[in-house]
Student: 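I'd like to ask some things about the structure below.
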Amino acid sequence: MSILAWIEDRRKQKLKPELDQTTDNKVLGSDGSQGLWTRCDSCGIILYIKHLKSNQRVCFGCGYHLQMNSNERIESLIDSSTWRPLYETVSPCDPLTFKDQKTYPERLLEAQHRTGLQDAVQTGTGLIDGIPVALGVMDFHFMGGSMGSVVGEKITRLIEYATKKGLTVILICASGGARMQEGILSLMQMAKISAALHVHQSCANLLYISVLTSPTTGGVTASFAMLGDLIFAEPKALIGFAGRRVIEQTLQEQLPDNFQTAEYLLHHGLIDLIICRSFLKQAVSETLNFYKYAPFKRSGYIPTKMN
Ligand SMILES: [Zn+2]
């Protein structure tokens, strides 16, 4: 078997993950598969996962930013030994007894086993170059980073905690959108998070930075991803609401090739900065240092009435 065929074989195996596989995130490939090798989604070159991880999953050949899991993201952003997770025990349930080819609880168990997470976001506090922040990191490997009740609840609680403590909120977005298995309950998370952000940003005058990674789509784009005081994105990240085909068929128009990329959005004024992964921590740290001197900054609180 050639090495290309072997890698292709490994990629196919990820489509039928087995419950008896290990849950150790540290050996997962960028696409959630296990093994030593993976292939760049952009240029196709073969990459040794150990080296790729040491380069923050940025392709050595073309600089494409492959997906990171939430543990790697926290490790790359937060000063070592300062991460304190919050709301780890909040767990999903099945309010609609949803079933497609599998039941929703089966899909949840499978994702929990594969990723070692309870749901598609990790929340907590930590230091970035010594500055305390409240950080939420979505994980695309857990059911496509979809936003259900747990994701919404954890992010809302994190924002409320940050408002009380006067912390900056940073949310790293990676999501296919709202979680269809929870129907309207997942859609209402958009409003819930947005309301908490309004108090944080407009009433308590605190900073919120959103970082958009590939892909950030659907309900996440339509709510907190685009509400950042500062919106950063990774190079060539796919960012959009509806899919390209849906828009083309609705408008009966051909869209440009770079449509829904971070570069296109920057050009049209929807995001503030495109930043390479290796400089992200530095960029956030410098922004926070500037923010210390912002004229409206006050220690956070939840106001009793709107100003
Ligand atoms: Zn590449």
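Both counts, for ligands and for their atoms, begin at 1 and track the order of listing. Heads up: numbering here begins at 1 and tracks the sequence.
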Student: Counting only protein atoms, how many N/O/S atoms are less than 2.8 Å away from the Zn ion (ligand 1)?
Tutor: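 For the Zn ion (ligand 1), protein nitrogen, oxygen or sulfur atoms under 2.8 Å: 4.
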Student: Going by the angle between their ring planes, with limits at 30° and 60°, are F60 and H51 parallel, tilted or perpendicular?
Tutor: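 Rings of F60 and H51: perpendicular, over 60°.
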Student: Using distance only, find each side-chain donor-acceptor pair of residues 232-239 under 3.5 Å and give its atom names and separation, not counting sequence neighbours.
Tutor:
unit_1, atom_1, unit_2, atom_2, d
E234, OE1, R277, NH2, 2.9
E234, OE2, R73, NH1, 2.8
E234, OE2, R73, NH2, 3.4
E234, OE2, R277, NE, 2.9

Student: With sequence neighbours left out, write down each residue that passes salt bridge (charged side-chain N to carboxylate O under 4.0 Å, His left out) with D79, or none if nothing qualifies.
Tutor: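 Listed in chain order: K281.
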Student: E248: which residues meet the salt bridge (charged side-chain N to carboxylate O under 4.0 Å, His left out) condition with it, sequence neighbours left out?
Tutor: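 Salt bridge (charged side-chain N to carboxylate O under 4.0 Å, His left out) check on E248 returns R244.
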Student: Checking side-chain polar atoms at under 3.5 Å, does D139 have a donor or acceptor matched by the opposite partner on Q122?
Tutor: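 Not at all, the side chains of D139 and Q122 share no donor-acceptor pair under 3.5 Å.
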Student: Quick one about E182 and S149 (side-chain donor to acceptor, distance below 3.5 Å, no hydrogens or angles considered), yes or no?
Tutor: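 S149 vs E182: donor-acceptor pair found between side chains.
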